[in-house]
2 protein chains.
Amino acid sequence: MRLLLIEDEKELADALSGALSKRGIVTDHTTHLADAFELTRQNSYDAILLDRRLPDGEGLTFIPMLRRTGTDTPIIVLTARNEPLERVEGLDLGADDYLGKPFLVDELMARLRAVLRRPPSLTELQISVGRMVIDPLHLSVTVESIPLDLPRRELLVLVALAKRKDKTVLRSTLEAAVYNYEEEIQSNALDAHISRLRKRLLDAGAGITIHNIRGVGYLLKEE
Amino acid sequence: MRLLLIEDEKELADALSGALSKRGIVTDHTTHLADAFELTRQNSYDAILLDRRLPDGEGLTFIPMLRRTGTDTPIIVLTARNEPLERVEGLDLGADDYLGKPFLVDELMARLRAVLRRPPSLTELQISVGRMVIDPLHLSVTVESIPLDLPRRELLVLVALAKRKDKTVLRSTLEAAVYNYEEEIQSNALDAHISRLRKRLLDAGAGITIHNIRGVGYLLKEE
DNA sequence: TCCCCCGTAATGCTGCCGCAATCTTCGCGG
DNA sequence: CCGCGAAGATTGCGGCAGCATTACGGGGGA
């Protein structure tokens, strides 16, 4: 899952990015609305976290701006104050939810799940492949009801493949699912993850194989 | 899919061509508007990537020039600066989208998909033939929901034929779909691809046949 | 401090793909 | 109806790009 965080308090932003990263969420961060707009044009996010007070204006103005482009990416508004009036304001403008600072990361996670669960969401709640069940929102994986814990990056690769099971996933798509654009990789890190993931899946008897399509990408299917 | 890239920075152009090639996109490249115009007369492109600053003039002038000939090929403008004003400028002249440099190739891919998705587009999102379903944008092929992985060049041939199923596709069109004009071929490489593709389709029970029209080209139809 | 994740790079291997040789099919003219 | 030439079909081969695997070491968390 990939989020855009629009927030000018650097400390909060860093802490949040770190916490989300541990939960398997890739976060792009910006402090200005102008950049944010550009980023939404360039990437496809699962959700947007939007602060209200920003250096170049009131965050809420961003919402109609974005909606006008036809994007319906869920937006969760972050605000220091927590009054009902402000909440209505945001929601009227097309925000999907609202979170008062300070907040627990787990509360944010819960709201994220709630927001992503709404149709039309491409995010399925459960994906069944082979003997595995994958929950892309909670990032949990079980083999015949026995939980399997995978390293974070391998997990992200697996989820990205599972979401499009039986279909080719371009190499570049996988890279985007695992890294944000500050983390450059210049080696075969992705290949290595795939290799290690394969091994783990085999050991766990997951009933899944990952195939390579030479020059195109990878594909996950039941064996 | 075939693109025309009009861009004078050689490094960027080469890198981009390479990256697109890995995503199954054939790119023709030129640095001058004059050549570009000629190329659009000779070839049919799915989209055009247009830089603004070019040795022989402002790139935007190309847009009305092209539109006047009745071509509605989508144009994506590449620009170093990223200001709203410039965006409007381009869009008013008939560009379909714009992209600020530097950009990620995946941003470009997303925009391409968006632009090609707009009606009236010849590029269908899903093509059904025989027992196959082909997704030309994600480059995935399934036979009765079972994924079929094809080598890149065979895949490109198949997509080109499927896009015009039941109609003859000129040999030269197929060559253009698989090779850019820097990759010369002097043998019957295309014939070889067709042959191997046929074999694979047969083995997979795709319910498709590829016929030859002697001296003209090939034709794909359900059996 | 220990452990494990994860990026890096070296190594070996797979199979794509261009090429060309050989065989087959097609269409035309006599 | 037959023969001939051109176009296409098929297949083996070799080079090489892309991928798989694994060992190593830095670094961060418990």
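Worth saying up front: this structure is predicted, and the values here are computed from it rather than measured. Reminder, nothing fancy here: chain letters follow the sequence lines and each chain counts from 1. These values consider heavy atoms only, across backbone and side chains, with no hydrogens, waters or symmetry-generated copies.
The shortest distance between the side-chain N/O atoms of B:Arg171 and the OP1/OP2 oxygens of D:dA7 is not below 4.0 Å. Note on B:Ser195: a side-chain N or O is less than 4.0 Å away from OP1 or OP2 of D:dT10.
Atom-to-atom, CD of A:Glu154 to C1' of D:dT21 comes out at 14 Å; the value is rounded to the nearest Å. Atom OH in B:Tyr179 sits about 11 Å away from atom C1' in C:dC19, given to the nearest Å. Rounding to whole angstrom units, CG of residue B:Leu190 and C1' of D:dT10 are separated by 14 Å. When rounded to the nearest whole Å, the span between CG of A:Asp191 and P of D:dA17 equals 17 Å. Residue A:Lys22 contributes atom NZ, which lies 12 Å from atom P of C:dC6 at whole-angstrom precision. Rounded to an integer number of Å, the gap from OH of B:Tyr218 to P of D:dG8 is 6 Å. Atom NE2 of A:His193 is separated from atom P of D:dT22 by 16 Å (rounded to the nearest Å). One atom, CZ of B:Arg196, and another, C1' of D:dC13, lie 11 Å apart when rounded to the nearest Å.
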With salt bridge (charged side-chain N to carboxylate O under 4.0 Å, His left out) as the criterion, how do B:Asp28 and B:Arg2 come out once you've worked through the C-alpha distance, each side chain's angles and the decisive distance to 0.1 Å?
CA-CA 8 Å; B:Asp28 286 347; B:Arg2 193 180 186 98; 2.9 Å; yes

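Among the protein residues, A:Arg152 comes within range of the sugar-phosphate backbone only, with heavy atoms under 4.0 Å from sugar or phosphate atoms but none that close to a base. Base contact: A:Ala189 has a heavy atom under 4.0 Å from a base atom.
Ring geometry for B:Phe37 versus B:Phe62: interplanar angle over 60°, hence perpendicular rather than tilted (30 to 60°).
Side-chain N or O atoms of A:Asp56 include none that pairs as donor or acceptor with a backbone N or O of A:His32 at under 3.5 Å. Looking only at distances, a side-chain donor or acceptor of B:Ser17 sits under 3.5 Å from a matching main-chain atom of B:Ala13. No side-chain donor-acceptor contact under 3.5 Å links A:Arg53 to the backbone of A:Gly59. Side chain of A:Arg214 to main chain of B:Pro151: no donor-acceptor pair is present (N/O by atom type, distance under 3.5 Å, no hydrogens or angles). When atom types are taken as modelled, the side chain of B:His29 and the backbone of B:Glu7 share a donor-acceptor pair closer than 3.5 angstrom.
Every residue meeting the side-chain hydrogen bond (donor to acceptor under 3.5 Å, both in side chains) condition with A:Thr209, not counting sequence neighbours, appears here in chain and number order: A:His211.
Side-chain contact between B:Leu148 and B:Ile146: absent, with no pair of heavy atoms (C-beta onward) separated by less than 4.5 Å.
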Identify all pairs in which a protein N or O lies below 3.5 Å from an N or O of nucleotides 20-30 of chain C, and state each distance.
residue : atom : partner  : partner atom : Å
C:dA20  : N7   : B:Asn188 : OD1          : 3.2
C:dA20  : N6   : B:Asn188 : OD1          : 3.2
C:dA20  : N6   : B:Asn188 : ND2          : 3.4
C:dA21  : N6   : B:Asn188 : ND2          : 3.4
C:dT25  : O2   : B:Arg214 : NH2          : 2.9

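Across residues 198-212 of chain B, B:Arg198, B:Asn212 each have a non-hydrogen atom less than 4.0 Å from an atom of DNA chain D (numbered order).
Two residues, A:Asp149 and B:Arg153, neighbour DNA chain C, and the one matched to the more 5' nucleotide by heavy-atom proximity is A:Asp149. With DNA chain D read from its 5' end, the first of the two nearest nucleotides for B:Gly217 and A:Gly215 is the one closest to B:Gly217.
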